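Keep in mind it's a predicted model, so treat the numbers as computed, not measured. Residue numbers begin at 1 in each chain, while the letters A, B, ... track the order of the sequences.
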Amino acid sequence: MSLADATWTGPLAVRPTFRGAFSRLYLSEMRLTLRRRRNVALLGVLAVVPVFIGIAVKISTPHNGDGPDFIGQVSNNGLFLVFTALTVALPLFLPLVIGVVSGDSIAGEAGGGTLRYLLTVPVTRGRLLAVKTLGVASYTAIGVLIVTGVGLVLGGILFGLHDVILLSGDTVSLGNGLLRTLLVAAYVTVALFGLAAGGVFVSTLTENAIAAMATTIGLAVFSALLDAVPQLRRIHGVLLTHNWLGFGELLRGQVDRAALLRWSALHLAYAAVFLSLAWARLTTKDVTS
Amino acid sequence: MGMMLSRRRLAWSVPAAVIAAVVTAGLLPGMASGNGHPPLDPRSAAELLVAVQGSTVEHLSGTVVETARLGLPDLPGSDRSASLNWQSLITGSHTANVWVDGPDRQRIAVLGQLAESDIVHNGKDLWTYSSRDNAVTHAVVPADTASKPNPVPTDAADLTPQAAADKALKAIDPSTIVAVDETAEVAGRSAYTISLTPRDARSTVRRVLIAVDSEYYVPLRVQVFGSGVDAAFETAFTDIDFTRPHSSLFSFSPPDNAVVTEKDLGGHPSTDAPDATATQPAQPKPSVIGNGWTSILTMSQPPAAATAPGTHDGRPTGSLLDQLTSTLPNGDRLLKTSLINALITTDGHVFVGAVTPELLQKAATGSAG
């Protein structure tokens, strides 16, 4: 089962026109991605994070400082289950899931021998890369939304949703809190896009999908490692993973918009570099399988 | 073949161009705001000192970054914590937002990663809030101190350039050489620089540089140089705005589920500072020996700060102290940093100051005898 099989059906696909080909390719890509058992299982892993934390907090109420950030607030306000779950999922689970899907994006097709068929559909290699990237980005957003959504629903059921106490001690309405939660999810998605793009680039380098996945996850681990060395403080600001937890900025009384924009721009810059490299690689590559 | 090659080269020039663009965009702002020396009308040191003391700025808001390079090992997570205690401010770098609206209303927010600690002073009320433990302290500021410019009796309040500059300027006496240094650019504003140099060689302070806004005469940056090349202690605005902050910033009401601890500031406004953690036992009152640059702080018992981190991961209390200090022939322990030195005598006295170890020892023998 590959993308080529799914696209190379119906009379429309053989018509030598690009109209609609892109969106059809994107839709079939998403269908395939979300139908793969492995990818669904990975989303299940993400959903387990808030479930696990929620149940643990329900059984024994922790105090602040007992575990991940925000955990002491969860029992007072279910909304904080979202932030606790994101804090836990960001260093490991989310990069893992993104690494698998982005690493597989091109290398998986090449390794399965389906890339050359895929290149016969009436789209250019650049567009194929765009579809693959968009697919990985959509999957990232779905992953973040699952952590957020499951956290929100379960937190609401277990602990109820109330007015939100910000990091600065000011209290804002639940509506304001929900809006901030939405922005947090959006920021985290953008912040993870740099890594996702890195995975797509790595995926163009090899036909071994496992190697591409491992390398992508390695990128995140390596960046986190550098981030933990105090002597490298000067370069911390530009590391891939350094600002992932910067979503906390959205939970302050005075939100530093400039910082959020700067960090988002950094991740988009990473994405631009990785994607241009991926484009150069894919368009000059001799596809033999 | 040749066409294939040039096509290849063309394709790879795209990422090269993207990388070049990203790097340029990343470096440009840094180059623009670099370490320029803006041209300003010359001012004498005396003129500047008068102007600073006569500054009429009532309100401002801005971001302050404090950096300590004392050469102490980093305490775990100290960079990202948002503690209001001085222990956490003596290593690494910390960022705080500051809002001032006249002498009666100020707010400081020390920013950590997913954490924040706030000090809000509004008229008679003085609140502190710490997000890590969701704890609030409240104190009523006595009427006589309420009118003073900075009644906020918490360690973190010392981290603003204003407070640091006040301290340094107080130390000016005949033992100080006051001069005007090169102009500087701080927080995007042009500034005069006052340089203070102690004449007394027994002080470990090599010199203190205070950058003063050229329009409003507000201290924008204070750097204290010790034995290192970089400033051992530095606090500076990274951005500043002289408009009146929104009044809602100063109306703090404790969150519903927070634990509120009432503090009494009545008799002793500044020494019994409300502690953000509120768990430490009352510390013995320190006293000061000497004056000016060579003043030495002495306490009868090691402060909790020196020992607390040692117990953190179950190690014996003394181990961190052992790592940091060296033992002198007479059994006393000496902690040397690039600015501050501390002597812990065998009988439990502590002498701390920005002075040479020799002077500390002299003070120790003097007080014992």
Side-chain angles (χ1 to χ4, degrees), chain A residues 63-65 68-70 72-73 75-77 83-84 86-87 125-126 162-171 201 230-231 233 236-238 242-243 245-249 251-254 256 258-259 262 265-266 268-286, chain B residues 4 7-19 21-23 25-26 29 61 63 67 73-74 76 78-80 82 91-93 95 97 99 107 109 111-118 120 127-136 239 245-246 248-249 251-258:
Chain A
H63 300 283
N64 266 312
D69 294 294
F70 303 119
Q73 295 276 30
S75 58
N76 296 322
N77 189 349
F83 308 132
T84 313
L86 280 176
T87 313
R125 290 187 184 193
H162 309 286
D163 288 356
V164 180
I165 302 166
L166 300 176
L167 290 174
S168 48
D170 304 301
T171 308
F201 168 55
Q231 282 77 10
R233 197 173 283 138
H236 282 177
V238 296
H242 184 69
N243 302 315
L245 294 178
F247 72 79
E249 206 56 50
L251 303 176
R252 298 193 197 284
Q254 297 289 303
D256 188 350
R262 205 166 57 237
L266 175 74
L268 293 177
Y270 264 113
V273 169
F274 282 134
L275 290 177
S276 64
L277 285 167
W279 177 83
R281 167 70 183 161
L282 190 66
T283 51
T284 58
K285 186 178 178 173
D286 294 324
Chain B
M4 277 302 287
R7 153 112 189 77
R8 234 157 236 242
R9 212 168 284 154
L10 209 65
W12 282 104
S13 67
V14 172
V18 171
I19 291 170
V22 164
V23 171
S61 51
T63 305
T67 309
D74 280 357
S78 60
D79 273 19
R80 292 175 173 186
T91 62
S93 182
T95 305
N97 287 335
W99 299 273
R107 180 168 188 156
L111 310 180
Q113 190 179 55
L114 304 180
E116 184 173 323
S117 290
D118 283 55
V120 187
W127 300 93
T128 72
Y129 177 77
S130 136
S131 74
R132 275 277 149 86
D133 40 13
N134 195 27
V136 175
D239 74 275
H246 200 274
S248 66
L249 274 165
S251 57
F252 183 85
S253 52
D256 280 343
N257 53 24

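Nearest heavy-atom pair across Glu116(B) and Leu167(A) is CB-O, 3.5 Å. Listed here is the closest heavy atom pair of Gly248(A) and Leu114(B): CA-CD2, 3.5 Å. Smallest separation of non-hydrogen atoms from Ala280(A) and Ala11(B): CB-O, 3.4 Å.
With a 4.5 angstrom heavy-atom cutoff, Leu275(A) does not touch chain B via any of its atoms. Neither the backbone nor the side chain of Arg262(A) has a heavy atom closer than 4.5 Å to any heavy atom of chain B. For Ser248(B), no part lies under 4.5 angstrom from a heavy atom of chain A. Leu277(A) touches chain B through backbone and side chain together, each having a heavy atom under 4.5 Å away. For chain B, the nearby part of Thr171(A) is the side chain; its heavy atoms alone come within less than 4.5 Å.
The side-chain heavy atoms of Ile165(A) and Asn257(B), taken from C-beta on, include a pair separated by under 4.5 Å. Two residues are said to be in side-chain contact when any heavy atoms from C-beta on lie closer than 4.5 Å; Asn97(B) and Arg252(A) fail this criterion.
Counting heavy-atom pairs closer than 4.5 Å to chain B, the top-ranked of the candidates Leu266(A), Asp170(A), Asp163(A), Thr283(A) is Asp170(A).
Note: Arg8(B) CZ to Arg281(A) CZ = 8.5 Å, rounded to the nearest 0.5 Å. The structure places OG1 of Thr284(A) at 11.0 Å from CG of Leu10(B), a figure rounded to the nearest 0.5 Å. Annotation: the span from Gln254(A) atom CD to Ser61(B) atom OG amounts to 8.5 Å, rounded to 0.5 Å. Distance check: Asp256(A) CG to Asp239(B) CG gives 8.0 Å after rounding to the nearest 0.5 Å.
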